[in-house]
Amino acid sequence: MRLHRIGASFRTCGKPRPFTRPQEARRAMLARFCAGLRPHRRILLATHENPDVDGIGAVQALACYLRGLGKEIRVVVTPAFPAFLGFLD
């Protein structure tokens, strides 16, 4: 059987199969992440250098979510925000 890594899952015979990490472990990791952010009002978010669409989208989605929680968010993109993604700024 051949496995092809695709994002966060493996494909076998064309059907995605999620990683075997238990759902409880994911929830615990997310809870720790949220607990670390909870006491802070101002948060700085960054993505990797020369970001691609995935990096920009992820940081923008997290910023939107955190703003909804009343957090003051600043996003840093280096060296600059890609011109073709200007509609996301």
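In the hydrophobic clustering of this structure, Leu37 groups with Leu30; members are Ile, Leu, Val, Met, Phe, Trp, Tyr whose side-chain heavy atoms approach within less than 4.5 Å, directly or through other members. Tyr65 and Phe33 end up in the same hydrophobic cluster when Ile, Leu, Val, Met, Phe, Trp and Tyr side chains are linked at under 4.5 Å.
The structure places CG of Leu69 at 8.5 Å from CD1 of Ile43, a figure rounded to the nearest 0.5 Å. The structure places CD of Gln60 at 11.0 Å from CD1 of Ile73, a figure rounded to the nearest 0.5 Å. To the nearest 0.5 Å, atoms CG (Asp54) and OG1 (Thr47) are separated by 9.0 Å.
Between the side chain of Lys71 and the backbone N or O of Ala63, no donor-acceptor pair lies under 3.5 Å.
When every heavy atom of Pro51 is checked against every heavy atom of Val77, the shortest pair comes out as CG-CG1, 3.4 Å.
Cys64 pairs by the side-chain contact (heavy atoms from CB on, under 4.5 Å) definition with nothing, not counting sequence neighbours. Among residues two or more places apart in sequence or in another chain, the side-chain hydrogen bond (donor to acceptor under 3.5 Å, both in side chains) test is passed with Arg41 by Glu72.
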